[in-house]
Amino acid sequence: NIMSEVLIGIASGICTGLGLGGGSVLILFLTLFFNFDQHIAQATNLVCFIPSAIVSIIYNSRKKNINFKNAIVIVIFGIIGAVAGALVSKSMPVFNLRKWFGCFLIVICLYEIYSYYILYIKNKK
C-alpha cells in the first residue's frame, strides 16, 4: 500500500531530521508492517538514510550546527564500523539479528528515559 509507505517515509524522515534515529523507526516499521526480513529492512534503511542525511547535513551546515573537525573523524571510523557490522550481520541468523536490534532499541529507550529524568525532573528540584 503506497499510503503506508508514504507515512512510514514521513515518520522516518521526521525522526532523522530531529536526530532521533529515523533508521531505527524505519527498520521497526518495515519488519512489523511489511514483514521484511531483518537483513532486508536494515539494507533498505541504509539506502533511505543517504538522502535524509544529505538534507540534514545541508540544513545543519547552514545553521552552523556541525563541528566538521569531529565529524570527519567520526565518519571515517563509522565507515569502518559499518563494514564490520555488515560482515557480522551477513553471517548472523535473522533471529539473532532481530534480538540484538531489539536489545539496542531497549538500551536507547532506557537511556532516553534516564536522560529525561536527569535533565528535566532532577534539575527542577
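Note that the coordinates shown come from a computational prediction; the quantities given were computed from them, not determined experimentally.
- In this structure, Val107 stands alone, with no Ile, Leu, Val, Met, Phe, Trp or Tyr side-chain heavy atom under 4.5 Å from its own, directly or through other members.
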Side-chain polar contacts of residues 17-31 - donor-acceptor pairs under 3.5 angstrom, sequence neighbours left out - could you list them?
unit_1: Thr31; atom_1: OG1; unit_2: Ile27; atom_2: O; d: 3.0
unit_1: Thr31; atom_1: OG1; unit_2: Leu28; atom_2: O; d: 3.0

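- Residues forming a side-chain hydrogen bond (donor to acceptor under 3.5 Å, both in side chains) with Asp37 (at least two apart in sequence, or on another chain): His39.
- A continuous path of hydrophobic side-chain contacts links Leu105 to Ile108 [ILVMFWY only; heavy atoms under 4.5 Å].
- Scored by the ring pair (Phe, Tyr, Trp, His ring centres under 6.0 Å) test, Tyr116 finds Tyr120 as partners (sequence neighbours excluded).
- Taking the side-chain contact (heavy atoms from CB on, under 4.5 Å) definition, one finds that Ile106 meets it with Leu110, sequence neighbours left out.
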Determine all donor-acceptor pairs shorter than 3.5 Å in which one atom belongs to a side chain in residues 64-93; sequence neighbours excluded.
unit_1: Asn65; atom_1: ND2; unit_2: Asn60; atom_2: OD1; d: 3.3
unit_1: Asn67; atom_1: OD1; unit_2: Lys69; atom_2: N; d: 3.2
unit_1: Asn67; atom_1: OD1; unit_2: Asn70; atom_2: N; d: 3.1
unit_1: Ser91; atom_1: OG; unit_2: Val88; atom_2: O; d: 3.0

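- The backbone N or O of Ile8 lies less than 3.5 Å from no partner atom in the side chain of Ser12, so there is not a single donor-acceptor pair.
- With sequence neighbours left out, Leu119 forms a side-chain contact (heavy atoms from CB on, under 4.5 Å) with no residue at all.
- Under a cut-off of 6.0 angstrom, the local environment of CZ in Phe34 is crowded, with over 12 non-hydrogen atoms contributed by other residues, nucleotides or ligands.
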Let me have the donor-acceptor pairs involving side chains of residues 42-50, under 3.5 Å, with sequence neighbours excluded, atom names and distances please.
unit_1: Gln42; atom_1: OE1; unit_2: Gln38; atom_2: NE2; d: 3.0
unit_1: Thr44; atom_1: OG1; unit_2: Ile40; atom_2: O; d: 2.7

